[in-house]
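The structure under discussion appears below in the form of structure tokens.
Lettering follows sequence order; numbering is per chain, from 1. All values derive from a computational prediction rather than experimental measurement.
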Number of protein chains: 2
Amino acid sequence: MAQSDTVDRILDAAEELFADRGFAETSLRMITSRAKVNLAAVNYHFGSKKSLIQAVFARFLTPFSATAEAAFDDLEKSCNGKAPTLNQTLRALTESAVRMHQRSERGIAIFMRLLGLAYTQSQGHLRKFLEQEYSEPFSRFMGLLKEATPELSTVDRYWRIQFMLGATAFTMSSNEALRDILVNKMGVETSVQEIAARLVPFLAAGMQAKDPMLAPMPCDHESLAVL
Amino acid sequence: MAQSDTVDRILDAAEELFADRGFAETSLRMITSRAKVNLAAVNYHFGSKKSLIQAVFARFLTPFSATAEAAFDDLEKSCNGKAPTLNQTLRALTESAVRMHQRSERGIAIFMRLLGLAYTQSQGHLRKFLEQEYSEPFSRFMGLLKEATPELSTVDRYWRIQFMLGATAFTMSSNEALRDILVNKMGVETSVQEIAARLVPFLAAGMQAKDPMLAPMPCDHESLAVL
DNA sequence: ATACGTTTTAAACATACGTTTGAAAAATCA
DNA sequence: TGATTTTTCAAACGTATGTTTAAAACGTAT
């Protein structure tokens with residue numbers, strides 16, 4: 001083997017196992033045995049399990065945030081002066097994610113799953129790491145969302161962004177669990193690109209829903225939500 | 001003390017700790033020390049940690065599913081013959097959840113957080129347990145959703161339900177992580193009821209979004225999403 | 001009071017974890 | 001080549017986990 005691909009093999013194995021089972025449920029012995037490297041290799045190359053987790057994120061998050069920022073640049077340039085649409089902003093982000101992992105279909109799924117785990121599992125160190133390492137592209141995305149939804153109050157927008165992130169991360173992070181309980185054999189296999197294509201309109205519509213707190217709920221009134 | 005409140009004390013402590021830290025990250029020693037009972041009490045009363053996890057879910061899921069089914073009965077009765085609206089169905093569910101835990105504000109938050117963890121954390125036994133124990137009210141809810149969105153194809157509805165569950169579970173299951181990274185001090189404290197009130201219109205609008213796969217994306221076209 | 005089933009307790013169990021060690025092996029460079 | 005650094009390896013370390021044990025304490029009915 002060329003030089004030391006041990007590091008990459010560890011990252012590959014850790015990435016898949018973390019995505020499948022979570023951080024605490026994945027032991028270093030699982031990782032090293034799947035990667036076919038010695039147990040001590042993790043601590044030698046990464047220092048600790050925590051650092052390995054951060055390295056797994058850094059490996060795909062750094063190029064992704066670069067790609068996303070470039071996509072944001074293009075978007076702002078193409079809509080000269082005017083603020084990009086909500087749909088455009090969302091598409092720019094999802095297409096950046098898809099473009100990143102054009103090689104493997106599984107890559108983008110793992111990508112989303114890990115992002116979901118990052119928030120769900122209580123790994124304080126990971127949160128701090130992501131916060132101080134990728135706060136800039138994140139803030140940029142938030143700014144675009146703000147310009148695309150000027151009609152929303154700050155609080156409404158805050159919560160709806162939470163909802164968007166939730167729908168996205170959770171959908172991608174759900175292993176076969178939901179699939180099984182939802183339908184026993186529906187027989188339809190969907191690619192991640194298709195899921196993204198279905199997700200974006202859902203998110204955009206939810207983001208632009210009429211203000212809450214307005215409609216009372218007498219029976220057989222159709223909801224006030226548009227259409 | 002009356003009889004043996006040891007069981008309840010264990011359940012209380014486990015519920016909170018699981019909600020705060022997840023299943024794998026919560027040890028029996030944490031639970032028993034918070035509950036102020038002996039370590040062996042868990043295995044004596046529940047048999048194993050897995051059974052304890054299931055018992056925590058059963059304690060709130062059993063009465064909740066009964067309440068929800070009653071709410072569905074009322075809803076179908078009040079809209080005589082006609083299928084309940086999507087908004088009505090969602091409200092019936094969320095209000096059942098809120099009504100369950102009217103005593104403590106924290107109760108409903110823990111409730112949602114645990115549900116989120118149930119899907120997020122890969123506890124195979126939990127999935128099987130929930131599946132075979134609460135499949136009936138779940139299927140009933142699915143049927144109502146189907147009647148409320150007849151315009152959707154089965155596949156579209158399937159994915160949009162995933163999105164809804166995702167937004168809900170993820171929002172409720174996110175500890176302070178998202179809160180912190182999203183806004184550094186926004187100063188607004190929101191109750192779970194308010195979150196639910198904001199969430200329902202978002203979900204309903206997303207669920208009823210115009211069909212995807214229609215709009216191409218040339219620049220400065222406004223999205224085809226309604227409004 | 002005594003006997004009996006239930007519950008609690010302290011201690012130990014076996015196992016798995018992340019991490020460290022020190023020597024062997026490989027790679028790098030003089 | 002020989003010297004030196006980097007990487008691998010098997011083994012062990014200390015700690016924490018879930019679980020089990022056997023005796024003690026308790027409650028209750030005879």
Side-chain angles (χ1 to χ4, degrees), chain A residues 1-59 117-118 121-129, chain B residues 1-59 117-118 121-129:
Chain A
M1 33 210 72
Q3 56 228 31
S4 164
D5 58 350
T6 301
V7 168
D8 292 305
R9 293 236 299 285
I10 292 175
L11 286 173
D12 288 339
E15 191 177 80
E16 282 214 22
L17 285 169
F18 286 156
D20 282 345
R21 321 175 25 93
F23 304 117
E25 297 88 344
T26 301
S27 70
L28 292 187
R29 284 167 175 83
M30 295 180 198
I31 294 171
T32 55
S33 80
R34 168 178 293 216
K36 292 191 174 60
V37 301
N38 188 272
L39 167 62
V42 169
N43 287 279
Y44 174 76
H45 286 288
F46 297 94
S48 68
K49 185 182 181 182
K50 286 183 180 179
S51 303
L52 171 61
I53 294 176
Q54 295 176 8
V56 166
F57 275 84
R59 185 170 65 149
L117 287 182
Q121 315 236 140
S122 67
Q123 299 268 352
H125 68 96
L126 222 192
R127 181 165 68 87
K128 274 174 201 150
F129 171 75
Chain B
M1 30 210 74
Q3 56 229 32
S4 164
D5 59 348
T6 302
V7 169
D8 292 305
R9 293 234 301 283
I10 292 175
L11 286 173
D12 288 339
E15 191 177 81
E16 282 213 22
L17 285 169
F18 286 154
D20 282 346
R21 321 173 26 92
F23 304 118
E25 296 88 344
T26 301
S27 70
L28 292 186
R29 284 168 176 81
M30 295 180 197
I31 295 172
T32 55
S33 80
R34 168 179 293 215
K36 293 192 173 61
V37 301
N38 188 273
L39 167 63
V42 169
N43 287 279
Y44 175 77
H45 286 286
F46 297 94
S48 68
K49 184 182 180 181
K50 286 183 180 179
S51 303
L52 171 62
I53 295 175
Q54 296 176 7
V56 166
F57 274 84
R59 184 168 68 149
L117 287 181
Q121 316 237 136
S122 68
Q123 299 269 351
H125 68 96
L126 223 192
R127 180 166 67 87
K128 275 173 199 150
F129 171 76

H45(B) NE2 to dG18(D) P, straight-line distance once rounded to whole Å:
18 Å
Can you tell me how far P of dT6(D) sits from CG of D5(A), to the nearest Å?
19 Å
N43(A): what forms a side chain to side chain donor-acceptor pair (under 3.5 Å) with it, not counting sequence neighbours?
none
Would you say the side chain of L126(B) lies within less than 4.5 Å of the side chain of L117(B), judging by non-hydrogen atoms?
no
Run the side chain to side chain contact (heavy atoms under 4.5 Å, CB included) test against R59(A) and tell me which residues pass, sequence neighbours left out.
D8(A), L11(A), D12(A), E15(A)
Non-neighbouring partners of E16(B) that pass salt bridge (Lys or Arg N to Asp or Glu O under 4.0 Å), sequence neighbours left out:
R34(B), R106(B)
How does protein reach along nucleotides 17-24 of chain C, written 5' to 3' as B (base within reach of a heavy atom under 4.0 Å), S (only sugar-phosphate), or - (no contact)?
BBBBB---
S51(B): what forms a side chain to side chain donor-acceptor pair (under 3.5 Å) with it, not counting sequence neighbours?
S48(B)
Watson-Crick and G-U pairing of DNA chain C written in dot-bracket, each distance under 3.5 angstrom, with | for inter-strand partners
|||||||||||||||||||||||||||.|.
Those residues at least two apart in sequence (or on a different chain) that pass side chain to side chain contact (heavy atoms under 4.5 Å, CB included) with S27(B) are R29(B), M30(B)
With sequence neighbours excluded, what pairs up with A41(A) under the side chain to side chain contact (heavy atoms under 4.5 Å, CB included) test?
T6(A), I10(A), V37(A), H45(A)
With sequence neighbours excluded, residues passing side chain to side chain contact (heavy atoms under 4.5 Å, CB included) with A58(B)
T62(B), F129(B), Y134(B)
Report yes if at least one side-chain N or O of T6(A) is closer than 4.0 Å to OP1 or OP2 of dT7(D); otherwise report no.
no
Just how far, in rounded Å, is P of dT7(C) from NZ of K36(B)?
22 Å
